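Worksheet for the structure shown next.
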Amino acid sequence: MPKTPDLSLSEPNRWKALVFIALAQLMVVLDATIVNIALPTAQQDLGISDGNRQWVITAYALAFGGLLLFGGRIADLWGRKRAFVVGLLGFAAASALGGAATSEAMMLGARALQGAFGALLAPAALSLLAVMFTDAKERAKAFGIYGAIAGGGGAVGLILGGFLTEYLNWRWTFFVNIPFAIVAAIGAYLVIREPSGARNRSPLDLPGVVLSTLGLVALVYGFTRAESAGWSDGLTVGMFIASAVLLLAFVVTEAKVSSPLLPLRVLTERNRGGVYLSLGLAIIAMFGLFLFLTFYLQVVKEYSPVMTGFAFLPMIVGMIVGSTQIGTRLMTRVPPRLLMAPGFLVAAAGMLMLTQLDVNSSYAGLILPAQVLLGLGMGTAFMPAMSLATHGVDPADAGVASAMVNTSQQVGGAIGTALLNTIAASATTSYIASHAAGARDPRLLELQGMVHGFSSAIWWAVGILVAAAAIAAALVNTGRPDMGPAGGGPGAGEGAEDQVRVPVVAH
């Protein structure tokens with residue numbers, strides 16, 4: 001049986017392209033956290049009410065989460081390079097609009113536009129990697145770098161957001177995206193070359209676009225609203241019901257139409273399904289933790305925004321080491337589940353340490369080693385997960401398969417923030433109510449209640465990470481990638497027949 005031609009051997013600019021793809025990914029991930037740091041001062045300057053403040057975050061999340069599948073399909077239709085460059089330039093323009101905002105409406109509009117262009121950009125970036133790096137060793141290195149950025153970029157955003165807000169102005173948390181985007185767009189335009197024949201030129205599945213977008217928007221908004229209005233709120237419950245109905249109708253539609261937006265084969269292959277599920281669960285745990293640690297360090301320990309950002313550095317370093325050293329070196333030697341499942345368990349061990357948080361906990365004695373374990377575990381697990389997410393897909397489906405990774409992360413982030421924050425708030429309220437009678441210092445009681453709430457929610461995060469490890473171990477059954485071009489050769493193990501088939505670039 002003839003071997004599939006190796007695109008990587010015919011694409012000399014692939015490593016230069018990776019630089020610009022990684023830069024764009026860093027910008028998108030940074031933006032998810034950098035605005036959180038700037039929000040209090042932006043709210044004051046623009047006169048945004050406390051009730052509407054959450055929409056600065058929610059407008060972005062709804063547009064990004066709701067349009068991801070559509071963005072992935074557009075990337076397959078237009079070509080990933082074009083979608084990538086358009087997404088970058090649109091994101092830069094939306095960021096300029098947000099930085100120049102003079103009113104609440106202008107700010108919210110800019111954030112929604114950022115989310116829409118991010119939904120075009122993010123799946124295009126990941127699918128470009130999928131079709132450009134097909135040699136197993138090179139793919140491992142490329143996805144190692146990408147996985148480190150995807151995992152650690154959010155914490156970098158906390159540092160950068162702290163610096164920009166404290167020493168310049170909140171507007172720079174938006175303007176900083178512009179040079180990132182322009183450099184990445186120019187670089188991508190000059191060096192990226194896609195394989196010929198990798199586009200999906202089927203007619204656009206408009207019913208699928210409408211149903212998936214509305215269903216995902218309802219789901220993300222339901223979790224976002226639950227955080228502020230409660231789980232029993234009528235509109236919250238209505239959003240969850242609407243989301244279930246819309247997404248079910250979407251699945252039924254996709255099974256019937258000839259050119260589906262999301263071919264169900266992308267979801268039903270057990271390895272990809274295992275990645276989407278386990279990655280979504282891991283993100284639930286991580287997003288909740290970012291929130292709790294930020295509040296713990298700033299409110300309880302009274303760290304400045306910049307100090308708080310630097311306090312997350314051990315996690316970033318751990319993620320980079322786990323992804324680029326452990327994951328990359330072992331990915332071509334062991335099956336992916338032997339990296340993903342242990343990686344999630346190591347992260348769970350770090351999370352377990354943080355259940356011991358109290359008001360007087362030492363940063364060096366508890367928080368730092370816990371972060372190192374979290375970073376190492378997540379980095380090791382994320383790297384093969386990012387690579388496996390496009391495992392076995394036809395190149396024409398690479399964009400929508402990549403969009404599913406981002407969708408699982410986005411929905412996981414919304415669930416994590418809402419679910420774990422609700423658990424923490426409930427535990428805090430119960431603790432204060434039960435200890436109020438004997439309290440001598442109301443402020444100390446308030447802090448103790450807050451930390452008790454955090455540790456209670458972190459116990460749930462431990463369980464969620466263990467569940468992610470179990471799903472990865474049970475569903476991800478593909479063998480070690482072969483050492484040659486992706487195409488399923490000896491040693492590829494189960495699922496070898498699904499290895500990516502990429503045609504040679506037409507010169």
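This structure is a prediction, so every number in the text was calculated from the model and none was measured.
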task: Apply side chain to side chain contact (heavy atoms under 4.5 Å, CB included) to the pair Phe20 and Leu128, showing each step before the final yes or no.
output: CA-CA 11 Å; Phe20 300 113; Leu128 275 170; over 6 Å; no
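- Interatomic distance, Leu23 CG to Leu18 CG, rounded to the nearest 0.5 Å: 11.0 Å.
- Here the side chain of Arg111 pairs no donor or acceptor atom with the backbone of Tyr60 at under 3.5 angstrom.
- With contacts defined as side-chain heavy-atom distances shorter than 4.5 Å, the pair Leu69/Met404 qualifies.
- Here the side chain of Ser243 pairs no donor or acceptor atom with the backbone of Met239 at under 3.5 angstrom.
- Going from atom CG of Leu88 over to atom CZ of Phe117 covers 11.0 Å, rounded to the nearest 0.5 Å.
- For the pair Tyr221/Arg225, a side-chain contact is recorded, criterion being any heavy-atom separation below 4.5 Å from C-beta on.
- Atom OG1 of residue Thr253 and atom CG of residue Leu206 lie 12.0 Å apart, to the nearest 0.5 angstrom.
- You'll find the side chain of Met378 reaches within 4.5 Å of the side chain of Phe344, heavy atoms only.
- Between Leu420 and Phe292, the shortest heavy-atom distance links the atoms O-CZ, 3.3 Å.
- No side-chain heavy atom of Tyr189 sits under 4.5 Å from any side-chain heavy atom of Leu89.
- Taking CG of Leu214 as the reference point, atom CG of Leu219 lies at 12.5 Å (rounded to 0.5 Å).
- Here the closest heavy-atom approach between residue Ala385 and residue Val275 is recorded as O-CG1, 3.3 Å.
- No side-chain heavy atom of Leu216 sits under 4.5 Å from any side-chain heavy atom of Leu68.
- Between the side chain of Gln43 and the backbone N or O of Val56 there is no donor-acceptor pair closer than 3.5 Å.
- Looking only at side-chain heavy atoms (C-beta outward), Val266 and Tyr276 come within less than 4.5 Å of each other.
- Nearest heavy atom pair, residue Leu67 against residue Ala116, reads CD1-CB, 3.8 Å.
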message: For a side chain to side chain contact (heavy atoms under 4.5 Å, CB included) check, start with the C-alpha distance between Leu281 and Ile284, then their side-chain angles and the critical distance, and finish with the verdict.
response: CA-CA 5 Å; Leu281 285 171; Ile284 288 175; 4.2 Å; yes
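- Residue Val191 comes nearest to Lys16 through the heavy atom pair CG2-C, 4.1 Å, listed as atom of the first residue, atom of the second, then distance.
- Note that CG of Leu26 is 5.0 Å distant from CZ of Phe180, once rounded to the nearest 0.5 Å.
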task: Quick one: do Asp205 and Glu254 satisfy side chain to side chain contact (heavy atoms under 4.5 Å, CB included)? Show the steps, please.
output: CA-CA 9 Å; Asp205 169 23; Glu254 299 309 274; 2.6 Å; yes
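- Heavy atoms from other residues, nucleotides or ligands lying under 6.0 Å from CZ of Phe175 number more than 12.
- Between Phe382 and Met319 the shortest side-chain heavy-atom distance does not fall below 4.5 Å.
- Under the 3.5 Å distance criterion, the side-chain polar atoms of Lys81 are matched with a main-chain donor or acceptor of Ile192.
- Taking 4.5 Å as the limit, some side-chain heavy atom of Ile21 sits within range of a side-chain heavy atom of Phe84.
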task: Please test Glu104 against Leu46 for side chain to side chain contact (heavy atoms under 4.5 Å, CB included), starting from the C-alpha separation and ending with a verdict.
output: CA-CA 6 Å; Glu104 178 180 326; Leu46 298 178; 5.6 Å; no
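- For Pro123 against Gly118, the heavy-atom pair with the smallest separation is CD-O, 4.1 Å.
- To the nearest 0.5 angstrom, Leu388 atom CG is 10.0 Å from Leu339 atom CG.
- Contact record, Ala341 with Ala472: N-CB, 4.2 Å, taken as the closest heavy-atom pair.
- No donor-acceptor pair under 3.5 Å is formed between the side chain of Gln114 and the backbone N or O of Ala94.
- At distances below 3.5 Å, at least one donor-acceptor pair connects side-chain atoms of Ser212 with backbone N or O atoms of Val209.
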